[in-house]
Each structure stands twice: as structure tokens, then as C-alpha cells.
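The first residue in the sequence is number 1, and the count goes up from there. We count ligands from 1, going down the list as the structure has it; atoms in each ligand are counted the same way. Note that this is a predicted model, so its numbers are computed, not measured.
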Amino acid sequence: MLLGPPGAGKGTQASILARELRVPHLSTGDLLRAAVAAETPLGREAEGHIRAGRLVPDELVLGIVRERLAEPDARDGFLLDGFPRTIAQADALDRLTPIDVVVYFQVPTARLIERLAGRRICPKCQSVYNVRSRPPKIADRCDRDGTELVQRPDDRPGAVATRLQVYEEQTAPLLEFYRRRGWLRSIDADGPPDAVTARLRAELGPTVASGSVATRSSSAPVHRSPSQ
Ligand code: ADP
Ligand code: ADP
């Protein structure tokens with residue numbers, strides 16, 4: 001599980017790590033945005049909350065997480081990005097499936113604001129860019145499919161302020177929740193993306209090097225699929 005404020009680089013690192021670990025990258029933000037784009041009933045209900053920078057109600061998010069974890073590719077492990085975000089979600093996750101490790105991404109607030117202001121995404125494949133730190137090869141076009149990049153409505157300044165506040169109030173308490181269990185590790189997630197990836201690998205050590213989630217600390221539960 002990758003934990004940290006909006007803009008900390010969780011999604012960027014998750015896509016690299018998921019490839020290395022050969023597990024799916026499960027981002028509730030991506031799943032919710034896909035539901036909004038597809039105009040499903042869930043998407044219609046979630047859209048206003050997302051746009052304003054508020055959290056989507058727990059029951060809705062838990063519904064999509066349950067469905068996603070039940071898919072065959074999540075049977076042997078998964079990487080959670082952006083979930084859980086409230087203590088109620090963390091409690092529900094406990095009942096759903098065990099997790100191995102929680103990594104907290106530490107980044108100064110001023111840097112988060114700078115990163116969020118520069119974030120652009122591909123509305124088609126969800127690839128993430130940054131006008132400063134990770135520009136596309138051709139201006140405003142996705143490297144993978146050439147689609148015109150967009151700024152997320154919730155990356156505009158008003159919504160960013162709300163999201164940072166929501167993070168402090170509702171998500172930051174999860175740090176203590178997981179620290180008490182001995183599952184929490186922290187990395188300095190400031191600095192260039194490659195340096196952050198190297199710190200993440202070093203922190204996870206053999207967990208990543210082996211390309212599997214077979215190496216765990218003795219205090220963490222053994223991972224099982226949701227159906228077991
Ligand atoms: P970021 O990583 O920049 O915070 P995400 O893509 O994870 O953004 O989430 C975007 C928005 O989707 C959140 O601001 C919130 O409205 C909604 N969202 C994503 N995950 C959750 C969650 N676990 N619980 C409630 N709302 C969520
Ligand atoms: P999160 O999922 O935590 O909200 P993202 O991975 O989407 O964060 O990163 C937020 C923005 O910052 C994106 O535009 C991304 O390209 C950029 N970014 C990610 N990691 C770094 C980094 N280490 N240094 C500079 N910019 C970064």
C-alpha cells in the first residue's frame with residue numbers, strides 16, 4: 001500500500017513497482033475517473049465529490065475495491081494507491097484482505113502544490129505527465145497514444161487546497177493506525193523520480209528484488225487472495 005498526500009508521486013511509482021512485482025496497480029482515483037468517463041451510476045454519483053476535491057463516500061469506494069480485488073489478476077497480490085483514505089476504509093480493508101506493507105511518501109507541502117499544478121494526464125490511458133518534471137515528447141500529447149493531455153479539474157488551485165486539507169483531516173490518521181501495527185515504512189519522496197524509485201526499492205529490499213511478494217516481515221500477515 002502506498003500512502004501519502006495528493007501529488008506525493010504514488011501513482012508514478014506504483015506503475016513502475018507494479019511492473020516489477022508483476023501485480024496490478026489498483027488506484028481508486030483511476031477507477032473512479034473511469035466510472036465518471038463511462039457515465040455509470042457510480043461515476044455520476046462520484047463526479048461532484050471528485051471535482052470539488054472531497055472524498056467519495058466510503059460505501060461507493062468500497063464497492064469498487066471489492067469488485068477489483070475479486071478479479072483474477074489480483075489473486076496473487078496487488079498494489080494499492082489512494083486507498084484506503086479513511087479509518088473506516090482501513091477497517092473495511094482489514095475484513096477484505098491482509099496487506100504486507102505500507103509505504104508512506106514524505107513530501108513537503110510546497111512541493112506537492114507545485115507538482116499538482118503541473119500534472120497533466122492522458123484521458124485515454126491515464127498516463128501521468130508533468131509540465132516541468134515529466135513533459136511528454138511532443139507538447140501536450142500522450143507519448144503512448146498521441147491523445148491530447150488534460151489537466152484534472154481537481155488539480156486546479158481551489159480543489160487542491162480542499163484536497164490537502166481533506167488529506168490532513170481524514171487520511172493522515174492512517175499513518176498512526178499502521179505505525180502501531182508495525183507495518184509502516186517511510187521514504188523521502190522529494191527529489192527526482194528515479195531517486196525516489198531507488199529509495200522505494202531499497203526500503204522494500206528483497207520484496208521487490210525477488211519480483212514477488214514472498215518476503216515479508218514476521219509481524220505482517222501472509223498475503224491471501226480475497227476468496228481464501
Ligand atoms: P491524488 O493521488 O492526486 O490524491 P487520486 O487520483 O488518488 O488523486 O484521487 C482523486 C479523487 O478521487 C480524490 O480527491 C477523491 O475525490 C476520489 N478518491 C480516490 N480514492 C478515494 C478513496 N479511497 N476514498 C474516497 N475518495 C477517493
Ligand atoms: P499521486 O498519485 O501521489 O497524486 P503522481 O504520481 O500523480 O502523484 O504525481 C503528481 C505529479 O508530480 C505528476 O505530474 C507527476 O508527473 C509528478 N511527479 C511524480 N513524482 C515526481 C518527482 N519525484 N519529482 C517531480 N515530479 C514528480
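- In this structure, the protein non-hydrogen atom closest to atom 26 (N) of ligand 1 is Val56 N, 3.0 Å.
- Protein heavy atom nearest atom 23 (N) of ligand 2, with residue, atom name and distance: Gly191 O, 2.8 Å.
- Atom numbering of ligand 1 starts at 1 in the shown order; those under 4.0 Å from a heavy atom of Gly82 are 20 (N), 21 (C), 22 (C), 23 (N).
- The part of Asp154 lying near ligand 1 is the side chain, judged by heavy-atom distances below 4.0 Å.
- In terms of protein heavy-atom proximity, atom 13 (C) of ligand 2 is closest to Val128 CG1, 3.6 Å.
- The two atoms that bring Cys122 and Asp145 nearest to each other are SG-OD1, 3.5 Å, heavy atoms only.
- Listed by number with element, the atoms of ligand 1 under 4.0 angstrom from any heavy atom of Gly29 are 5 (P), 6 (O), 9 (O), 19 (C), 20 (N).
- Protein heavy atom at the shortest distance from atom 21 (C) of ligand 2 is Arg115 CZ, 3.6 Å.
- For ligand 1, the polar-atom distance check finds no N/O of His49 at less than 3.5 Å from any of the ligand's N/O atoms.
- Salt-bridge annotation for Arg181 and Asp94: present, with a side-chain N of the basic residue lying under 4.0 Å from a carboxylate O of the acidic one.
- A heavy-atom separation below 4.0 Å is not found between Ser27 and ligand 2.
- Using a 4.0 Å cut-off to heavy atoms of Lys10, the atoms of ligand 1 that qualify are 2 (O).
- By the criterion of a heavy-atom distance under 4.0 Å, the side chain of Arg33, and not its backbone, is placed next to ligand 1.
- Rounded to the nearest 0.5 angstrom, Thr109 OG1 and Leu164 CG are separated by 6.5 Å.
- Taken from NE2 in His25 to CD in Gln126, the straight-line distance is 10.0 Å, to the nearest 0.5 Å.
- Looking from atom 4 (O) of ligand 2 to the surrounding protein, the closest heavy atom is Gly7 N, 2.8 Å.
- You'll find the side chain of Val61 reaches within 4.5 Å of the side chain of Gln89, heavy atoms only.
- Of all protein heavy atoms, the one lying nearest to atom 24 (N) of ligand 1 is Gln89 NE2, 2.9 Å.
- Scanning the protein for heavy atoms near atom 18 (N) of ligand 1, the closest one is Leu32 CD1, 3.4 Å.
- Of all protein heavy atoms, the one closest to atom 16 (O) of ligand 1 is Arg54 O, 2.6 Å.
- With hydrogens and angles ignored, the 3.5 Å screen pairs no side-chain donor or acceptor of Ser133 with any backbone N or O of Asn130.
- Of the protein's non-hydrogen atoms, the one nearest atom 10 (C) of ligand 1 is Arg152 NH2, 3.4 Å.
- Shortest contact from atom 20 (N) of ligand 1 to any protein heavy atom: Thr28 OG1, 2.8 Å.
- Residue pairs meeting the salt bridge (charged side-chain N to carboxylate O under 4.0 Å, His left out) criterion with at least one member in residues 155-169, sequence neighbours excluded, are Arg119-Asp155, Asp154-Arg163, Asp155-Arg163.
- Counting the atoms of ligand 2 from 1 in the order shown, those under 4.0 Å from a heavy atom of Ser133 are 17 (C), 25 (C), 26 (N), 27 (C).
- Ion pairing of Arg199 with Glu203 is absent here, as no side-chain N (NZ or NE/NH1/NH2) approaches a carboxylate O to less than 4.0 Å.
- Considering all non-hydrogen atoms of both residues, Tyr178 and Pro84 come closest at OH-CG, 3.6 Å.
- Of all protein heavy atoms, the one lying nearest to atom 1 (P) of ligand 1 is Arg163 NH2, 3.4 Å.
- Although no hydrogens or angles enter the test, the distance criterion places no donor-acceptor pair under 3.5 Å between the side chain of Thr97 and the main chain of Leu93.
- Summary of contacts: the protein heavy atom closest to atom 5 (P) of ligand 1 is Arg85 NH2, 3.7 Å.
- In this structure a side-chain-to-backbone donor-acceptor pair under 3.5 Å is present from Arg115 to Ala8.
- At a 4.0 Å cut-off, at least one heavy atom of Pro193 sits close enough to ligand 2 to count as contact.
- Here CG of Leu26 is found 8.5 Å from CG of Asp81. Values are rounded to the nearest 0.5 Å.
- Note on Leu184: it clusters hydrophobically with Leu80, by side-chain heavy-atom contacts below 4.5 Å among ILVMFWY residues.
- Taking atom 8 (O) of ligand 2 as the reference point, the nearest protein heavy-atom neighbour is Gly9 N, 3.1 Å.
- Ligand 2 has an N or O atom lying under 3.5 Å from an N or O atom of Ala8, backbone or side chain.
- The protein heavy-atom contact nearest to atom 2 (O) of ligand 2 is Gly11 N, 2.9 Å.
- Ranked by closest heavy atom to atom 11 (C) of ligand 2, the top entry among Asp81, Leu112, Asn130 is Asn130.
- Hydrophobic cluster membership differs between Ile113 and Val166, with clusters built from Ile, Leu, Val, Met, Phe, Trp and Tyr side chains linked at under 4.5 angstrom.
- Between the Arg134 side chain and the Val131 main chain, no donor and acceptor come within less than 3.5 Å of each other.
- At the shortest separation from atom 7 (O) of ligand 2 among protein heavy atoms lies Arg119 NH1, 2.7 Å.
- Which of Val196, Thr12, Val131 comes nearest to atom 19 (C) of ligand 2 through a heavy atom is settled by distance: it is Thr12.
- Proximity of Val61 to ligand 1, defined as any heavy-atom pair under 4.0 Å, is confined to the side chain (atoms from C-beta onward).
- Heavy atoms of Tyr129 found under 4.0 angstrom from ligand 2 belong exclusively to the backbone.
- Ligand 2 has no N or O atom lying under 3.5 Å from any N or O atom of Gln13, backbone or side chain.
- Contact check on Arg68 versus Asp73 returns a salt bridge, with a Lys/Arg side-chain nitrogen under 4.0 Å from an Asp/Glu carboxylate oxygen.
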Just list the side-chain donor-acceptor pairs under 3.5 Å for residues 36-48, sequence neighbours left out, or say none.
from  : atom 1 : to    : atom 2 : distance (Å)
Thr40 : OG1    : Ala35 : O      : 3.4
Thr40 : OG1    : Gly43 : N      : 3.0
Arg44 : NH1    : Glu39 : O      : 2.8

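- Using a 4.0 Å cut-off to heavy atoms of Pro192, the atoms of ligand 2 that qualify are 23 (N).
- In this structure, Lys124 contributes its side chain and Gly146 its backbone to no donor-acceptor pair below 3.5 Å.
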